[in-house]
Amino acid sequence: MTLTINSAFDGGNIRLVAIHGNRVDLEIVRDHRSDFYQWFYFRVAGLAGKRVTFRILNAGDSAYPLGWPGYQARVSTDRRAWRLIPTRYGKGALEFDWTGEGQVAWFAYFAPYTMEMHADLIARTAAKPGVVHRELGLSLDGQPIDCFTLGSGAKQVWLYARQHPGESMAEWWMDGALDWLTSDAARDLLAKATVHVVPNMNPDGTRRGHLRTNAAGVNLNREWHAPTPERSPEVLCVLKAMDATGVAFAMDVHGDEAIAANFIAGFEGIPSWTDAQGAKFEDFGRRLAAATPDFQTEKGYEKSAPGKANLSMSTNQLAERFGAVSVTLEMPFKDHAPNPDAEYGWSPERSRHLAVSCLETLAGMIDEI
């Protein structure tokens, strides 16, 4: 049976270059109106009994080529379980082999969380008691920016994810967060805080199979100083809602290509920095590391110098604008090296569990924020 390659579906991204027998040459497609690319997600049919080598030829010119060494692609034959597949990187190409156990398989940069899955998340969460659903606005492609509000406490908490759509682990985190927030376990937190949740900031990029940008080729996490309807309506509507409530604590959920660990980044360089505000951020990290082996504080980004924070990024903008304890959470595309899993690597289920640990940690210190 002839091999066929397809990515013409929700979140798909790949371009077929050539098929040479059992070797398939591919390229990742750039984000629309952008030079960013790294996310891939495609289906292969006609595999049964064949050993096929896949080569992504333009991996070396991708957005973050330092992310490829030590990385392993994901494969699924049922679109539920996504396992690691041995992967090689050299001479600018990413390669992996697959022997067809069935007729069809799917390959991805990380386990996908598509817009159809997002719709399911919205439906089941909105049906739960105590949940208020709002559409804060529309994306450039006309998709809703969904927001849930839970709780009645005075502390205003905002959780938002998927500014960079290729970081699908971020919405898996949201999946776990919303399950916990709609359970009895969240009762104490929701008595002291009102929690606003935006599970997907970038639905257009998600559906289009982008790595980092929206339908206009704009990186939303560089728009928070001055969002506009023409470039970044997604940020504009969320920031407007935040202005209406204020923000005491915020978490922006992401994935990182290069660092094989979970970590947080803060707002050290903002003009209005205070040691008291920074101490709360540091305390959150220490408590989270004590709560789960799936988090650590040794690896992470370099801190900004005083007064040098980029206020176009959400974490810095919210800390400066509201005096919030503002946190960027990063999860790996690789495995979590301090606590690895040889079969699944960093996975959807571990992302969901980390969300619970984050919220339990927040609940334990909400009085101090």
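- In this structure, F267 and W273 have tilted ring planes: the angle between them lies in the 30° to 60° band.
- Using cut-offs of 30° and 60° on the angle between ring planes, the pair F9 and Y41 is perpendicular.
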Next item on the list: Evaluate the side-chain hydrogen bond (donor to acceptor under 3.5 Å, both in side chains) criterion for residues N219 and H164: first the C-alpha distance (whole Å), next the side-chain angles of each, then the deciding distance (0.1 Å), finally the verdict.
Entry: CA-CA 7 Å; N219 178 354; H164 300 150; 2.8 Å; yes

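- H254 and D256 share no side-chain donor-acceptor pair at under 3.5 Å.
- Judged purely by atom type and a 3.5 angstrom limit, S62 uses its side chain to pair as donor or acceptor with the backbone of A59.
- A single hydrophobic cluster is not seen to contain both L239 and V157; linkage of ILVMFWY side chains at heavy-atom distances under 4.5 Å, directly or through other members, places them apart.
- For the pair S34 (side chain) and F36 (backbone), a donor-acceptor distance under 3.5 Å is present.
- The environment of CD in E368 is crowded: more than 12 heavy-atom neighbours from other residues, nucleotides or ligands sit within 6.0 Å.
- In this structure, R74 forms no cation-pi arrangement with W82, as its terminal cationic atom is not both closer than 6.0 Å to the ring centre and no more than 45° off the ring axis.
- Summarising the geometry of L138 relative to P233, their closest heavy-atom pair is O-CB, 3.7 Å, with the distance given to 0.1 Å.
- Under the 30°/60° scheme for interplanar angles, the aromatic rings of W68 and Y71 are found to stand perpendicular.
- Counting heavy-atom neighbours within 6.0 Å of D275 CG, excluding the residue itself, gives a total of 12 or less.
- Side-chain contact between Q103 and T77 is absent, with no heavy-atom pair separated by less than 4.5 Å.
- Salt-bridge annotation for D141 and R208: present, with a side-chain N of the basic residue lying under 4.0 Å from a carboxylate O of the acidic one.
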Check: Do D294 and N339 pass the side-chain hydrogen bond (donor to acceptor under 3.5 Å, both in side chains) test, and can you show the C-alpha distance, the side-chain angles, and the key distance before you say yes or no?
Finding: CA-CA 6 Å; D294 276 345; N339 185 27; 2.7 Å; yes

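- Here the rule is side chain to side chain donor-acceptor pair (under 3.5 Å) with D204, and of H32, H210, Q143 only Q143 fits it.
- More than 12 heavy atoms of other residues, nucleotides or ligands lie within 6.0 Å of CD in E135, so this atom counts as buried by the packing criterion.
- In terms of the salt bridge (charged side-chain N to carboxylate O under 4.0 Å, His left out) criterion, D341 has no residue partners (sequence neighbours excluded).
- Remark: R79 CZ is loosely packed, at most 12 non-hydrogen atoms of other residues, nucleotides or ligands lying under 6.0 Å away.
- Here D283 pairs with R287 in a salt bridge; the nearest charged N to carboxylate O distance falls below 4.0 Å.
- Counting only distance, with no hydrogens or angles, the side chain of N214 and the backbone of A216 share a donor-acceptor pair below 3.5 Å.
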Note to self: Applying salt bridge (charged side-chain N to carboxylate O under 4.0 Å, His left out) to K303 and E282, what does each step give before you reach the verdict?
What the structure shows: CA-CA 12 Å; K303 296 181 178 181; E282 296 292 343; 3.3 Å; yes

Note to self: Walk me through whether D97 and T53 qualify under side-chain hydrogen bond (donor to acceptor under 3.5 Å, both in side chains).
What the structure shows: CA-CA 4 Å; D97 304 316; T53 297; 2.6 Å; yes

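- Side-chain atoms of N13 come within 3.5 Å of backbone N or O of G209 as a donor-acceptor pair.
- In this structure, W224 has its ring center under 6.0 Å from that of Y160.
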Next item on the list: In sequence, state the C-alpha distance, the side-chain angles, and the governing distance for E223 and R231, and then conclude on salt bridge (charged side-chain N to carboxylate O under 4.0 Å, His left out).
Entry: CA-CA 9 Å; E223 292 287 303; R231 286 174 52 87; 2.7 Å; yes

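- The backbone N or O of A73 sits less than 3.5 Å from a side-chain atom of T87, completing a donor-acceptor pair.
- Within the model, atoms CG of D120 and OG1 of T114 stand 8.0 Å from one another, a figure rounded to the nearest 0.5 Å.
- When only modelled atom types and interatomic distance are considered, T206 and N200 share a side-chain donor-acceptor pair under 3.5 Å.
- Side-chain atoms of S304 and E268 include no donor-acceptor pair closer than 3.5 Å.
- Of the options V132, L189, V131, a side-chain contact (heavy atoms from CB on, under 4.5 Å) to L150 is made by V131 and by none of the others.
- Environment of CZ in R23: crowded, with over 12 heavy atoms of neighbouring residues, nucleotides or ligands closer than 6.0 Å.
- Formation of a donor-acceptor pair under 3.5 Å by the S326 side chain with backbone atoms of T315 is found in this model.
- Clustering ILVMFWY residues whenever any of their side-chain heavy atoms sit less than 4.5 angstrom apart, transitively, puts I259 in a cluster other than the one holding Y109.
- In this structure a side-chain-to-backbone donor-acceptor pair under 3.5 Å is missing from E257 to L66.
- Taking 4.5 Å as the limit, every side-chain heavy atom of E298 sits out of range of all side-chain heavy atoms of F263.
- N316 and N310 share no side-chain donor-acceptor pair at under 3.5 Å.
- Hydrophobic clustering of Ile, Leu, Val, Met, Phe, Trp and Tyr side chains at less than 4.5 Å, counting indirect connections, keeps V29 apart from V17.
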Margin query: Applying salt bridge (charged side-chain N to carboxylate O under 4.0 Å, His left out) to D146 and R134, what does each step give before you reach the verdict?
Written below: CA-CA 6 Å; D146 291 301; R134 290 182 291 162; over 6 Å; no

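- The number of heavy-atom neighbours closer than 6.0 Å to NZ of K128, taken from other residues, nucleotides and ligands shown, is above 12.
- Exactly one residue among D35, N202, D31 makes a side chain to side chain donor-acceptor pair (under 3.5 Å) with T213. That residue is D31.
- Within the model, atoms OG of S351 and CE of M169 stand 6.5 Å from one another, a figure rounded to the nearest 0.5 Å.
- No side-chain donor-acceptor contact under 3.5 Å links E27 to the backbone of L16.
- Side chain of N221 to backbone of S314: a donor-acceptor contact under 3.5 angstrom is found.
- Connection of L94 to W39 is established within a shared hydrophobic cluster, with ILVMFWY side chains joined at heavy-atom distances below 4.5 Å, either directly or through further cluster members.
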Next item on the list: Give the C-alpha distance, both sets of side-chain angles, the deciding distance and a yes or no for side-chain hydrogen bond (donor to acceptor under 3.5 Å, both in side chains) between N262 and Q296.
Entry: CA-CA 6 Å; N262 292 304; Q296 56 79 56; over 6 Å; no

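- Because its NZ or CZ atom is not both nearer than 6.0 Å to the ring centre of Y37 and within 45° of the ring axis, R30 does not count as a cation-pi partner of that residue.
- With a 4.5 Å cut-off on side-chain heavy atoms, F281 and V327 count as touching.
- I264 has its side chain out of reach of E330: every pair of non-hydrogen atoms, C-beta onward, lies at least 4.5 Å apart.
- One finds no salt bridge joining R162 and E167 here, because no Lys/Arg side-chain nitrogen approaches an Asp/Glu carboxylate oxygen to under 4.0 Å.
- Hydrophobic clustering, with ILVMFWY side chains joined whenever heavy atoms are under 4.5 angstrom apart, keeps M201 apart from V253.
- Listed for the K192 side chain is no donor-acceptor partner under 3.5 Å among the backbone atoms of D188.
- A salt bridge links D243 with R321; the closest basic N to acidic carboxylate O contact falls under 4.0 Å.
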Check: Would D335 and R350 satisfy salt bridge (charged side-chain N to carboxylate O under 4.0 Å, His left out), going step by step from the backbone distance to the final call?
Finding: CA-CA 11 Å; D335 201 353; R350 294 174 79 184; 3.2 Å; yes

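- When each of W158, F284, F322 is paired with F249, the ring-ring contact (aromatic ring centres under 6.0 Å, His included) condition holds for F284 and for no other.
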